[in-house]
Each structure stands twice: as structure tokens, then as C-alpha cells.
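What follows is a single structure, written as C-alpha cells, with notes after it.
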Amino acid sequence: MTPKEQIEALRKELHQHNYNYYVLNQPTISDYEFDMKMHELQDLETFYPQFADPNSPTQRVGSDLNQQFSQVAHKYPMLSLANTYNETDVREFYDRVKNGLEGEEFEIVAEMKYDGLSISLTYIDGKLTQAVTRGDGVKGDDVTANVRTIRSIPLQLREGSGYPHEFEIRGEILMPWTSFEALNAEREAKEEPLFANPRNAASGTLKSQKSELVASRKLDAYLYYLLVPEDSQKEVETTQPDLFGMQMDLFSEPAVPIFNSHYESLILAENWGFKISQGMKKCKTIDEILDFINYWDVERKNLPVATDGIVLKVNSLRQQRHLGYTAKSPRWAIAYKFKAERACTRLNEVTYQVGRTGAITPVANMNPVQLAGTTVKRASLHNADIINELDLHIGDMVYVEKGGEIIPKVVGVDVSQRTEDLEKVEFIKICPECGTPLVRYEGEAAHYCPNDTGCAPQIKGKIEHFISRKAMNIETLGPETVDDYYNRGLIHDIADLYTLNILKITGGNINRRISAENVIKGINKSLGVPFERVVYAIGIRFVGETTAKLLARKFKTMDSLASATQEQLLEVDGVGDVIADSVIQYFANDKNKDIIYRLKDAGVVMQMSEEELAGHTDKLEGQSIVISGVFEHHSRDEYKAMIEKNGGKNVGSISAKTSFILAGDNMGPAKLEKAQKLGIRIMNEEEFLELLK
């Protein structure tokens, strides 16, 4: 046997053993035997690098090199299902389907709703070629290198299983409970912040810059949406030609389906080597559906991964097409969310955390209690009003729930167990980090530390906000790096980022050089970020992304914004007294003035470019516009940008204040009905483009 043949045979054998162990949970060899075969393959690949393959089992360990995530557009948008939390809504959904199909018999597929990070996987000729996160539903991050480390995701599909030339399959990346508990125990030992839940842990892990770290955290994956391009069906060889089809839950414009039903398509995907929900069931009656929900509401606690509900879908793809879509979701599917699980435990202490904006969050520290699969010791109390409503006392027996199965929160007190000697909880009056007296702004539920230039959590939070994607988009930096640089005294505010150099970052340690070079490249790249995002990035309290855009377009330069009066600020749509006061206070602070000066000196964009100014008009000024449907000439995002550039405002829902609706094909019937009822004008693409001319 030639070296190439040896390598290929070992790869095939190890792929099968991975499938047996991680998907079927039925290993056929010992861990030692598996490791020996893996070492043999690694040695062969080292001696014969010309036969390298990114889908080799040896690549599961990942790399310790930093990587950059590129944005990839989804061929079909990844949208969401309508949610419900009660049996009545499930019955109404069933009746709507029954009426919509005019008495025709139908089946509902009930399956688990996994609580993880949505992922889309593309396979060509049986090999994994790309893995993309959900992102904003239109485009996501290419995380292929990291996904290759997840053992339950096949790198090479099983030979002879009849997979098509090309297809896409979607599902959830999850962190099993055992991995989650082990990770948090490790972080607690290092005095690092704990992950709130497995979903956050899985998301943070998959976005790691090092695939080696991803491999070490033992993520899992369940797949449940299958899409096969129409031109691939000719190349499929199988004994079940009538089963081919495509899951269309997440597509606003579904492609032509080539399967007859959802259930059979997933059974076939399982045969190709994918891990799917083992609890999936076809139901014909509402009683069968409710029995399924009630069974899994209890049994899910024994599953190895987090679930937060049940997804119900009409099985027949022909019937799905007949039922169609609303503006936001399919009429043939719904997600039932489990009610929050509740536990009772003792309140030992209330501590306080300071957020990026200076908001103070009270946290209940309790005796450990099992809740929705995790050990809970801390829970949010939100604000002073909630504490007062609960009438909390230290030593109370409190009820804890996980809101949406994610964030623990205290929802009540068992007053019958309270003794007279317990001390009432009083909200703090000074910042626990810097000692500054707290303030509470009019209309705000939270208390704030106003010392935004001298309070450590706020400073680090401002830097993390500054580098975030929607702000300066410095992808080579993250919260852990910011914390490291701050603790080492390299940065004290956002302007200090532009004083960093390779020597400062490495401290003479040559092993840090590549990482340092990437950081500097990312910082230098941010000098091209447009002015409106700079206004958002500098972190003026209460100024979000949309308000920052409006302020940038109104005042054109940072100097003009800095010298704006309250009257001028109030002229901006959406700016009230609170935001106007916050902007004025920001620029009145000498430390902030110094930061802006140093940012300007570093080369950060401080004004609208001539190109941007040339493209702006006031043709739509004062108009609120709703976009609905599918368009031919431009994407929805492009039309939103056009509206903003011409002074208009994008709004998501129709009201009496809506100026007009920009409508494409397949406008949602509910929106159409509401627009007609309110007498709101509906404008098509051609009319809109002509208006802007």
C-alpha cells in the first residue's frame, strides 16, 4: 500500500470511529486504539505533507494561531419562528393549519428546540467546505476552522450514503452541560468571569480567535434544517428518490423543494452521518402534540445539552408552500417555549456590579441550587425598584427562575419562612468600585455611577464598546485582551489604543509578536471607520447606533457636535432632554475633551467625508418609512441606507405616524391590511427610486 493509500485508509477509518463515538454513542474500539491510529496518521501526514487535507481527522485539534473572521452572505436569510408559551396558542396554530389546508389531512413534526448558536454548514462532494454563523440573518461569520474541531460534525460524509453533490444543512452548536460546568469551574479557579449559560459559552467559544481553544471545550452540534440546491438533485443516487426535499423554515424566498417532507429529509441526513434530534415525532392530532410537549417538559432535564422548547412544523413541503409566510415567519411552523423552571433557596448577600455605562446591577448571592441543568449561585435583581417590590431581607428563602431558560432571576420570596431578625436589603448609595455617589436619571430604573472617566469597569467597558463591530470594529482585540492591557497599564482610555506599539504589547516576549502585529494592524485599520460610527464608538451615555448616525448627519463634524447647544440637539429626530443633556455633559468634561483631541491627532475620522455629504439629501426628512417584501433592484439593507441618506427614518411597524410603505413582492398580508385600514400609501420600488431622483 502506498503512503497516500495508507493515509486515505486511516482517514476513512477514523472518520467512521468519530461517527460511532460522537453521533451514535456506540464506540467500537478503545480510546487507546483510537489514539494509536491517530498518531500513526499524524506521523504519515508529517512525512508526506503533499497529501495534506483540511478535512483530515488530525485537524480536529485546531490551531493556536489567531485567525480573522470574514463576513459571508447567506444564500437564503436565516429568519426566526413565531414563539408561544401556552397551550392555547398551540391549539390555535393547529386550527389555523387545519383551516388553511381546508380539511386536508396533515402531519405535524414535533422536535426539540436546542438552545445554542445557529450555524449553517455547506458540503460539496461530501466534504465540509464552509461553516457560517447566523449573524444578523442576512450574513454571518465564517467560522469554518473552528467548526472543524467539533467531533459530532462530519468532515467527510459516509461513503455510499447517497448524499448530493452540494447541499447546506443548518442547526445549533451547543456546549454540553458537563463541558459547561467544567469550563466555569476552571474559570472560577482562575478568578475569571463565569459564563451565564451554555449558549453564551458556546457562542464565546466558537468566536475564539484560536481553534485550539475551541477544540479543548468539546462543543456538540445537532442539525435540523436541510437545503439541497435544485441543480444537485440530478447527481444524487439513492434507493429512496421520492424522499428528497429541503427544509424552508428560515427562508423568506424558499427555493424549489426537492423533498416531499421535512421528517424524511432529516432521516436521510442522519444516514449521511449527521446528528439530529432523537426525540423527533410525527403527530396527527393536537392531543399527540400536547403529549409530546408535556413529556419533554420533564424529560429534557435528562438531556446532555440545553433545550428551551419544542418546534412544531407541518411535515409536507407541498402543504408548507400552500400555507406560505407572514411578513416575519412561516404560517406552517411555531416554536413552543417551555415555562421557566423555578427553585427555592436562601439569599446570603446582595452585591453590586458596575456596567459599561455606569449602570449598577444588584446581584443576589444564594446557596447553590440546581436549575434548568446548571448550578445557580447568583441571580440578577435588576434594580432598586425590584428589590423594594420583593421586600428582600438577607436570609430570605427566595424563588429563582431562569428567564427564557437563560438568565437566573429572583422572582419572589417565601415570606412564611422569614424570621424577625433578618435585615432588610437597602440599595447602595455609592459606587462599589470608585466610591462616587450614585445618581438616578429621570425616567430611568437603574442607578448610575457618574464617574465615567475614573471608574475602572466603566473605562474597560468603554474600551470594549469602542472596539466592537458596530463601532470601530477592531476585530483583533477582545474583552480579555483589553483587561490584560488595562491591568498592565498599557491603556487607560480609548485614545491610548493608538499609542500602542509592538514593543509595548510584547514586553520583549518574542512569542507575543505575531499577536501584537495583528492587534496593531486592526487598530490602524480602524482609522478608516466613518464618522457616524466614531460618534457611536466614543460612548456618549444614551447615544445608541441610530442616534449617533442622526447626530453625525446633523452636525457633520465632531467640533460642531461638541459645541452644539441644547436647542440645536433637540432639533434632531429622537433626541430629547436626557440625550441632549448627556451630549453636553460629555463634551464639557475635560478628560473627554482630551480623549477627542488625542483621537483626532491619531487620525481617527472626525467629520463626514465629502463623498458622504454629496450623497445626502433632505428629500425624506421627517418621514417614517416601513420596508416590507422582497425587492428586485436593491436589497432591504440598501434601501434602508438610501432612506437614511435622504433624511428619512426606518421604522419596523406600521402606525398612524407611518409616512408610507416601501413594498416589494410578497408583502405580508397583515401589514397590507393594516396599511389599508390606516390609509397609508404603499409605494413600489420604481416609484421610490423615481422619488429619490
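Counting begins at 1 with the first residue of the sequence. Hydrogens, waters and symmetry mates are skipped; everything else that's a heavy atom, side chains included, is used. Since the model is a prediction, treat every value here as computed from it, not as a measurement.
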Begin with the C-alpha distance, continue with both residues' side-chain angles, and end with the deciding distance and a verdict on salt bridge (charged side-chain N to carboxylate O under 4.0 Å, His left out) for R469 and D141. CA-CA 12 Å; R469 175 173 294 169; D141 288 328; 3.0 Å; yes
Could you work out, with side chain to side chain donor-acceptor pair (under 3.5 Å) as the rule, every residue matching E685, not counting sequence neighbours? Y639
If I take atom CG from residue L14 and atom CD from residue E40, how far apart are they, to the nearest 0.5 angstrom? 9.0 Å
Does the side chain of Q71 pick up a donor-acceptor pair with the side chain of D142 at under 3.5 Å? no
Would you say R11's side chain and Q156's backbone share a donor-acceptor pair under 3.5 angstrom? no
Taking NZ, NE, NH1 and NH2 as the nitrogens, is one of them in R513 or E517 under 4.0 Å from a carboxylate oxygen of the other? yes
Distance col, row R148:CZ vs I150:CD1, nearest 0.5 angstrom, shows 12.0 Å
Flag if over 12 foreign heavy atoms under 6.0 Å of CD, E299: yes
Pair E172-S118, side-chain donor/acceptor within less than 3.5 Å: yes
Test I169 against every option in L227, I119, L121 by the side-chain contact (heavy atoms from CB on, under 4.5 Å) rule and name the one that passes. L121
Side-chain (N684) to main-chain (E686) donor-acceptor, under 3.5 angstrom: yes
Who passes ring pair (Phe, Tyr, Trp, His ring centres under 6.0 Å) against H322, sequence neighbours left out? none
Measure the spacing between CD of E104 and CD of E102 and express it to the nearest 0.5 Å. 9.0 Å
Could you tell me whether the side chain of E545 and the main chain of K470 form a donor-acceptor pair under 3.5 Å? no
Would a 4.5 Å heavy-atom cut-off, applied to side chains only, mark T144 and Q130 as touching? yes
For Y114, the ring pair (Phe, Tyr, Trp, His ring centres under 6.0 Å) test, sequence neighbours excluded, returns Y222
Indicate the ring-plane relationship of Y225 and H262, choosing parallel, tilted or perpendicular according to the 30° and 60° boundaries. tilted
Could you give me the CA-CA distance, side-chain angles and deciding distance for L10 and E8, then say whether side-chain contact (heavy atoms from CB on, under 4.5 Å) is met? CA-CA 6 Å; L10 277 169; E8 289 177 347; over 6 Å; no
Side-chain donor/acceptor of S316 to backbone N/O of R318, under 3.5 Å: yes
Donor-acceptor pair, distance only, cut-off 3.5 Å: does the side chain of S628 make one with the backbone of A663? no
Would Q319 and V314 satisfy side-chain contact (heavy atoms from CB on, under 4.5 Å), going step by step from the backbone distance to the final call? CA-CA 7 Å; Q319 291 177 335; V314 172; 3.6 Å; yes
Output all residues satisfying side-chain contact (heavy atoms from CB on, under 4.5 Å) with E107, sequence neighbours left out; order by chain, then residue number. K282, K284, N315
Distance-only polar pair, side chains of T205 and R217, donor-acceptor under 3.5 Å: yes
Is a side-chain donor or acceptor of E5 paired with a backbone partner of T2 at a separation under 3.5 angstrom? yes
Provide the closest heavy-atom pair for R199 versus G116 in the form atom of the first, atom of the second, distance. CG-O, 3.7 Å
Would you say E105 has more than 12 foreign heavy atoms packed within less than 6.0 Å of its CD? no
Quick check for you: to the nearest 0.5 Å, what is the distance between M280 atom CE and I310 atom CD1? 12.5 Å
Salt bridge between K337 and D115, side-chain N to carboxylate O under 4.0 Å? no
Can a donor-acceptor pair be found between the side chains of T476 and N518 at a distance below 3.5 Å? no
Contact summary for I467 and V482, nearest pair of heavy atoms: CD1-CG2, 3.8 Å
Give a yes or no answer on whether the side chain of S515 reaches the backbone of R512 with a donor-acceptor pair at less than 3.5 Å. no
Quick check: closest heavy atoms across S526 and I523, and the distance to 0.1 Å? OG-O, 2.5 Å
Examine distances only and state if a side-chain atom of H15 and a backbone atom of L157 form a donor-acceptor pair shorter than 3.5 Å. no
With Y263, which residues qualify under ring pair (Phe, Tyr, Trp, His ring centres under 6.0 Å), at least two apart? none
Nearest-0.5 Å distance, CG of residue N146 to OG of residue S211: 5.5 Å
Considering only NZ, NE, NH1 and NH2 on the basic side and carboxylate oxygens on the acidic side, decide whether E168 and K75 come within less than 4.0 Å. no
Heavy-atom closest pair, residues V529 and A471: CG1-O, 3.8 Å
State, to 0.1 Å, how close P176 and K218 come at their nearest heavy-atom pair, and which atoms those are. CD-O, 3.4 Å
Could you pull out all residues at least two apart from K127 that satisfy salt bridge (Lys or Arg N to Asp or Glu O under 4.0 Å)? D53
What is the minimum heavy-atom distance between Q6 and L44, and which atoms define it? CB-CD1, 4.1 Å
Check whether the ring centres of F106 and Y94 lie less than 6.0 Å apart, and answer yes or no. yes
Measure centre to centre between the rings of Y163 and F274, then say whether the value is under 6.0 Å. no
Stepwise, does the side-chain contact (heavy atoms from CB on, under 4.5 Å) test hold for Y295 with D291? CA-CA 6 Å; Y295 173 80; D291 286 345; over 6 Å; no
Under a 4.0 Å N-O cut-off, is there an ion pair linking D220 with K275? yes
